[in-house]
Amino acid sequence: MALDVARLKNDFPIFARTVRDGKPLIYLDSGATSQKPRLVLDAERNFYEQHNAAAHRGAHQLAEEATEAYEDARSKVAKFIGAADNEIIFTKSATESINLVAYALSNSNFTDAKRFHIGPEHEILVSEMEHHANLIPWQELAKRTGAKLRWIPLTDEGRLDLSNIDSLITSSTKMVALTHQSNVLGTINPIAGIAKLVHDRGALFLVDACQSVPHQSVDVKALDVDFLVFSGHKMLGPTGVGVLYGRAELLDEMPPFLTGGSMIEEVHMESATYARAPQRFEAGVPNMAQAVGLAAAIEYLERVGMDQVQEHEELLVNHAIDGLLGISKVRIIGPFGGIHRSGAVSFTIDDIHPHDLGQVLDDLGIAVRVGHHCAWPLMRRFGISGTTRATFYLYNSISDVDALIAGVEATKKFFKVA
Amino acid sequence: MALDVARLKNDFPIFARTVRDGKPLIYLDSGATSQKPRLVLDAERNFYEQHNAAAHRGAHQLAEEATEAYEDARSKVAKFIGAADNEIIFTKSATESINLVAYALSNSNFTDAKRFHIGPEHEILVSEMEHHANLIPWQELAKRTGAKLRWIPLTDEGRLDLSNIDSLITSSTKMVALTHQSNVLGTINPIAGIAKLVHDRGALFLVDACQSVPHQSVDVKALDVDFLVFSGHKMLGPTGVGVLYGRAELLDEMPPFLTGGSMIEEVHMESATYARAPQRFEAGVPNMAQAVGLAAAIEYLERVGMDQVQEHEELLVNHAIDGLLGISKVRIIGPFGGIHRSGAVSFTIDDIHPHDLGQVLDDLGIAVRVGHHCAWPLMRRFGISGTTRATFYLYNSISDVDALIAGVEATKKFFKVA
Amino acid sequence: MDLQALYQEIILDHYKRPSHRGLHEPFDIEVHHVNPTCGDEITLRLSLDGERITNLSWEGMGCSISQASTSVMTTLVDAKTVDEFSITSDSFLALMHGKGTVVPDEEILEDGVAFSGVAKYPARIKCALLGWMALKDALVQLIDSKSTDAKIISIVPDRSRDER
Amino acid sequence: MDLQALYQEIILDHYKRPSHRGLHEPFDIEVHHVNPTCGDEITLRLSLDGERITNLSWEGMGCSISQASTSVMTTLVDAKTVDEFSITSDSFLALMHGKGTVVPDEEILEDGVAFSGVAKYPARIKCALLGWMALKDALVQLIDSKSTDAKIISIVPDRSRDER
Ligand SMILES: Cc1ncc(COP(=O)(O)O)c(C=O)c1O
Ligand SMILES: Cc1ncc(COP(=O)(O)O)c(C=O)c1O
């Protein structure tokens with residue numbers, strides 16, 4: 001059963017505006033960032049207008065209220081992914097979350113947190129479909145520590161090629177960092193299965209859930225991962241807030257990343273000792289209003305129901321794939337054909353560059369993303385310089401998809417491509 | 001001439017609420033975080049409702065608008081402190097800004113950016129009055145690189161003791177990191193003078209301007225510093241946005257800190273090259289709404305006039321000091337007496353612990369901060385465990401100060417301290 | 001008025017004339033706890049005589065709530081067994097985290113009931129728990145290390161946030 | 001309609017039948033520029049014969065705007081002096097950053113006036129400038145290094161953002 005999109009759309013003020021000379025906005029770029037429901041904007045505003053003060057830093061009433069609002073947001077996020085409160089760290093973005101873990105690993109070499117020590121004898125494993133955010137921090141970690149970066153190749157269909165996984169995850173592997181859902185291909189990776197392999201070899205497992213947590217129900221304990229990251233802005237929440245989930249016993253041992261106020265235990269001029277997680281990883285006055293906004297976004301998503309969201313997107317994406325495949329010269333990049341996949345579809349058209357296609361679609365009021373989608377190595381793997389990508393969310397309707405299909409046809413006509 | 005506070009207060013929705021059973025809110029904790037004018041909340045909301053999309057990542061109209069809004073915010077910040085646009089990096093907080101520079105320094109050891117290399121032969125110089133945010137990142141940098149951390153001691157009055165400065169800033173000094181205004185003492189440090197010394201010795205100079213940029217007109221070129229950091233939330237802006245100013249020629253050479261999307265030039269599986277500043281230092285989808293909110297805050301401050309703000313706060317703080325000195329057993333921590341100082345005043349009362357004083361004030365509707373104010377070593381320097389701190393901003397009136405004075409007297413009565 | 005409820009006479013009395021204050025020898029363990037948000041500190045010493053807490057003494061720097069609460073605690077648990085401490089401590093923690101809805105058990109808490117008002121001030125709960133957490137931590141360490149005979153002097157973090 | 005203004009026939013013609021495309025020998029310098037946001041690439045070769053740009057050739061992968069603009073550029077500046085290139089390039093840049101308010105100089109820009117429509121699409125300005133920035137950069141490097149005689153093959157960043 002499809003969602004009542006017309007009703008949902010009313011909750012998102014931006015759809016009241018038009019683009020390109022009065023055309024209704026057809027927003028198919030939620031994979032880059034999502035739109036925000038009124039509820040989220042109201043929650044942020046309410047924080048500023050009623051409870052704004054520095055959390056964890058004051059004994060006055062506002063500070064108490066701000067602390068409560070912030071910590072309640074943490075609980076809300078924790079419950080949403082099946083974690084405990086002290087396993088949730090607020091960051092500014094998934095990008096920061098991944099960097100936090102990567103830097104904590106190299107920082108551990110200056111502490112006695114042996115579990116995290118990493119050096120030239122170690123390997124870090126990623127995949128060829130990673131977003132730059134889950135690739136470059138590991139390249140840099142390798143540079144800092146001498147560890148070796150390896151990667152899981154892809155099949156032509158756009159899945160992880162796990163045929164040699166036993167030789168890729170070895171006893172030298174320190175960290176495996178994989179995306180849960182590709183932001184380009186729509187592939188959903190078999191995380192729980194891989195987790196078993198990773199842990200059998202004694203490695204750590206970080207999952208980039210930027211494209212899964214917003215679109216399906218995710219349970220960190222069921223996935224059995226050590227770290228999981230996502231961004232608020234891709235799941236109806238504000239910009240400027242991300243999450244790092246970390247298994248409690250790991251966070252308890254892991255050295256800090258950003259240092260400063262509120263993450264300390266005792267401070268002397270020469271040295272300092274650090275608070276326990278999550279405080280240890282949240283230096284400075286936190287992004288309180290954004291955390292509160294994210295909690296409101298989760299409330300909204302829960303009201304709609306994550307299973308409903310997922311089902312709805314599957315409906316849309318399959319409709320899109322059917323329509324696109326009916327157009328000659330269209331090539332879908334990623335797996336398709338009656339399979340479990342996410343609501344992202346990437347494609348190319350012979351003789352029309354994605355940027356030009358995107359431009360014509362934009363002129364029709366249809367917002368898609370074009371280019372390498374921060375997954376440049378993935379583009380090389382498929383021998384292309386970029387794709388056009390449509391990503392769906394709960395506020396998209398079947399008629400949005402139809403507009404996309406019609407838009408692609410119109411573009412071909414515009415550029416006189418048969 | 002004092003500001004028309006009654007009129008200004010109307011711009012801040014939070015002052016419409018009451019605390020502790022109907023008492024008007026007397027907010028004297030702006031040093032921790034400031035309240036937000038409606039203009040700022042409207043600007044953020046307008047971004048989300050009208051222009052929300054991923055900046056620098058799309059070719060559609062919303063993405064263009066989001067990019068423009070974000071880059072306009074950068075220009076606004078740049079002009080506000082006398083910098084060029086490409087010298088402004090948006091971070092999540094001053095804490096992140098400082099960590100960014102500290103990590104970039106150690107990261108440089110893995111690149112050929114010689115200017116930033118730091119090792120056991122080098123020294124880092126801070127002062128005894130630093131906020132933890134401008135102390136611990138340097139302790140950690142020292143730990144990572146073997147560099148030696150040194151510090152400028154304080155006079156009993158609460159000023160930098162510069163009598164041995166020549167032996168503290170030497171040819172081994174790589175980085176000098178000092179606060180512009182103490183968040184505890186109200187001291188304003190002679191940055192421009194020190195800058196000359198620092199540069200004569202070939203060191204880098206970072207200034208923590210968290211407590212100056214919100215309260216006085218600051219010009220980075222006049223101060224002649226290399227890096228300068230501050231936080232949006234302390235200057236009427238949203239939480240979740242900070243700024244790093246860096247001298248263009250330094251940023252051009254400095255290696256990145258957070259890595260991921262949008263900060264790259266070319267990416268391969270094994271390695272990546274990086275964009276120029278400011279992009280190089282802004283990995284991920286940026287905190288766009290918060291940057292836009294900060295720009296609105298600056299607009300508000302400029303309308304009032306930074307000189308007016310400063311003058312107004314001096315008036316308030318001097319009134320506060322006069323009043324407090326009239327109460328027996330009160331001791332002011334920091335310089336006072338007809339001098340140029342900032343709108344922060346810290347004090348202790350014999351026989352009443354700051355936490356207890358703060359509690360009674362809170363009960364009267366007066367929000368102050370108590371404790372070590374994230375400057376624990378400073379507390380040790382003065383042989384105390386904490387202070388009560390009142391900090392003023394443009395929405396505070398003389399009657400707020402009078403309420404504070406009366407509140408202190410009432411507390412003494414409550415605890416039967418003569 | 002909440003403030004009067006917070007600062008009951010008993011509290012102010014213990015603050016001015018604390019019990020068991022001043023560090024003494026002998027002791028099996030010394031722990032040092034801090035409240036990182038405000039810098040309050042407590043050093044606590046004790047011995048275990050079989051199951052029984054003895055030689056309790058402490059020194060501290062902090063607000064009336066943290067100091068008085070430690071003082072009250074020492075009067076309650078000195079010469080008591082570890083199990084008795086657990087019961088008392090659980091009762092005190094429940095009171096602190098009860099948001100003002102928990103009725104304290106006077107039988108168990110005695111002077112400790114005076115801290116009922118703290119529960120309404122979340123930022124002060126940590127103050128009231130500082131000494132209790134220190135003692136709890138000391139006992140855990142002591143029991144853990146019963147095999148070794150060396151004196152333990154340790155600086156451990158304030159765990160009271162976990163109790164939130 | 002803005003879209004028709006953006007994709008003028010001249011642009012589409014150059015896209016389909018680009019001028020000077022296909023890398024040739026000899027050359028004094030080869031530069032490779034990318035547009036990091038979309039991955040478009042251009043490789044450009046040229047020689048300097050005194051003040052004169054010669055042996056211009058290129059290869060690229062990208063959208064119609066970036067490829068056509070490079071093609072148009074080569075027709076405009078091949079066999080021209082560095083100074084003439086500067087004038088043409090300045091004129092083109094002014095047009096691109098004019099937000100649609102700059103009237104292009106047909107005398108200087110010839111086919112280049114077809115790119116007027118790009119100015120209204122900020123995200124596409126980078127595309128239109130890709131080849132221009134590559135050539136500019138190549139000339140700077142070439143002039144800088146006139147002392148050495150070695151061939152320069154360099155990968156340099158796209159500087160077009162700086163022109164914003
Ligand atoms: C002087 C000083 N430096 C640094 C900071 C850290 O700022 P933030 O917590 O916003 O990163 C603060 C405020 O807490 C401060 O007052
Ligand atoms: C799969 C994936 N990982 C990581 C990121 C980075 O997220 P952010 O830019 O919010 O840090 C994104 C989004 O850009 C993504 O799609």
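Reminder, nothing fancy here: chain letters follow the sequence lines and each chain counts from 1.
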Check the pair B/Trp151, B/Leu135 against side chain to side chain contact (heavy atoms under 4.5 Å, CB included), reporting the backbone distance first and the verdict last.
CA-CA 10 Å; B/Trp151 55 90; B/Leu135 171 61; over 6 Å; no
For chain B, the option from A/Ala133, A/Gly242, A/Gly260 that forms the most heavy-atom pairs under 4.5 Å
A/Gly260
At a heavy-atom separation under 4.5 Å, does B/His131 approach chain A through its side chain, its backbone, both, or neither?
side chain
Quick check: do A/Met263 and B/His132 have side-chain heavy atoms less than 4.5 Å from each other?
no
Residue among B/Val19, B/Asp362, B/Asp29 with most heavy-atom pairs under 4.5 Å to chain A
B/Asp362
Please state whether the side chain, the backbone, both or neither of B/Leu62 comes within less than 4.5 Å of a heavy atom of chain A.
side chain
Note, B/Trp138 side chain near B/Arg150 side chain (heavy atom, < 4.5 Å):
no
Contacting region of A/Glu44 [heavy-atom separation from chain B under 4.5 Å]:
side chain
A/Ala291, A/Gly358, A/Ser271: which one forms the most heavy-atom pairs within less than 4.5 Å of chain B?
A/Ser271
What residue, out of A/Lys143, A/Arg57, A/Lys36, has the most heavy-atom pairs lying under 4.5 Å from chain B?
A/Arg57
Where do B/Gln139 and A/Ala272 come nearest, in terms of heavy atoms and distance?
OE1-N, 3.4 Å
Counting only non-hydrogen atoms closer than 4.5 Å, does A/Asn107 touch chain B with its backbone (N, CA, C, O), its side chain (CB onward), both, or neither?
side chain
Heavy-atom pairs under 4.5 Å with chain A, option from B/Gly365, B/Cys374, B/Ser30 with the top count
B/Cys374
Are A/Phe281 and A/Thr91 side-chain neighbours, meaning at least one heavy-atom pair lies under 4.5 Å?
no
Sort A/Arg381 into side chain, backbone, both or neither according to what part of it lies under 4.5 angstrom from a heavy atom of chain B.
neither
Which answer fits B/Asn52, side chain, backbone, both or neither, if we ask what part of it has an atom under 4.5 Å from a heavy atom of chain A?
both
Is A/Tyr27 in contact with chain B via its backbone, its side chain, both, or neither, using a 4.5 Å heavy-atom distance?
side chain
Quick one: CD on B/Gln61 to CD1 on A/Ile366, what's the gap to the nearest 0.5 Å?
13.5 Å
Counting only heavy atoms closer than 4.5 Å, note whether A/Leu149 contacts chain B via side chain, backbone, both or neither.
side chain
If one checks every heavy atom of B/Val40 against chain A at 4.5 Å, the contacting part turns out to be neither
Looking only at A/Ile264, A/Ile136, A/Asn134, A/Asn287, most heavy-atom pairs under 4.5 Å shared with chain B are made by A/Ile136
Any non-hydrogen side-chain atom of A/His353 less than 4.5 Å from a side-chain atom of A/Val370?
no
If every non-hydrogen atom of A/Gly237 is compared with every non-hydrogen atom of A/Ser34, which pair is closest and at what distance?
N-OG, 4.4 Å
Under 4.5 Å from any heavy atom of chain B - which part of A/His373
neither
Selection from A/His355, A/His51, A/Arg45, A/Arg369 maximising heavy-atom pairs under 4.5 Å formed with chain B
A/Arg45
Turns out that what part of A/Arg380 lies under 4.5 Å from chain B's heavy atoms comes down to side chain
Do A/Tyr274 and A/Pro256 come close enough that some side-chain heavy atom pair is under 4.5 Å?
yes
The interface call for A/Gln50 against chain B, heavy-atom contacts under 4.5 Å, is both
Under 4.5 Å from a heavy atom of chain A, the part of B/Asp356 involved
neither
Quick check on B/Asn109 against chain A: is it the side chain, the backbone, both or neither that has a heavy atom closer than 4.5 Å?
neither
Where do B/His268 and A/Pro377 come nearest, in terms of heavy atoms and distance?
C-CG, 4.0 Å
Is it the side chain or the backbone of B/Arg17 that comes within 4.5 Å of chain A heavy atoms, both, or neither?
side chain
In terms of heavy-atom pairs under 4.5 Å with chain A, which of B/Ser106, B/Ala59, B/Ala94 leads?
B/Ala59
4.5 Å side-chain heavy-atom contact, B/Leu378 and B/Leu154:
yes
Hey, does the side chain of A/Tyr103 reach the backbone of B/Leu258 with a donor-acceptor pair shorter than 3.5 angstrom?
no
Checking side-chain hydrogen bond (donor to acceptor under 3.5 Å, both in side chains) between B/Tyr70 and each of B/His56, B/Gln290, B/Glu282, which is the one that passes?
B/Glu282
Closest non-hydrogen atom pair between A/Ala55 and A/Thr67, with its separation:
CA-OG1, 3.5 Å
At a heavy-atom separation under 4.5 Å, does A/Pro255 approach chain B through its side chain, its backbone, both, or neither?
neither
Dump the intermediate steps for side chain to side chain contact (heavy atoms under 4.5 Å, CB included) on B/Phe110 and A/Glu140, then the final yes or no.
CA-CA 9 Å; B/Phe110 305 96; A/Glu140 289 286 322; over 6 Å; no
Side chains of A/Pro13 and A/Gln35: does their closest heavy-atom pair fall under 4.5 Å?
no
Can you tell me which portion of B/Arg20 sits under 4.5 Å from chain A's heavy atoms? Options are side chain, backbone, both or neither.
both
Side chain from CB out, backbone as N, CA, C, O: work out which of these in B/Ser127 comes under 4.5 Å of a heavy atom of chain A, or both, or neither.
backbone
With chain A, which of B/Glu270, B/Gln359, B/Lys234 has the greatest number of heavy-atom pairs at distances under 4.5 Å?
B/Glu270
Segment of A/Ser231 engaging chain B (4.5 angstrom heavy-atom cut-off):
neither
Part of A/Leu41 lying under 4.5 Å from any heavy atom of chain B
both
With respect to chain B, which residue among A/Thr95, A/Leu25, A/Thr259 yields the maximal number of heavy-atom pairs within a distance under 4.5 Å?
A/Thr259
Most chain A-contacting option - heavy-atom pairs closer than 4.5 Å, from B/Trp376, B/Tyr48, B/Phe12
B/Tyr48
Is A/Glu65 close to chain B through its backbone or its side chain, or both, or neither, when contacts mean heavy atoms under 4.5 Å?
side chain
Taking all non-hydrogen atoms of both residues, which atom of B/Gly293 and which atom of B/Pro238 are closest, and how far apart?
C-CD, 3.6 Å
For the interface with chain A, which of B/Ala102, B/Gly240, B/Ser262 has the highest count of heavy-atom pairs at distances below 4.5 Å?
B/Gly240
In short, A/Val292 meets A/Ala43 closest at the heavy-atom pair CG1-O, 3.8 Å
Would you call A/Lys92 and B/Ser93 a side-chain contact if the rule is heavy atoms closer than 4.5 Å?
no
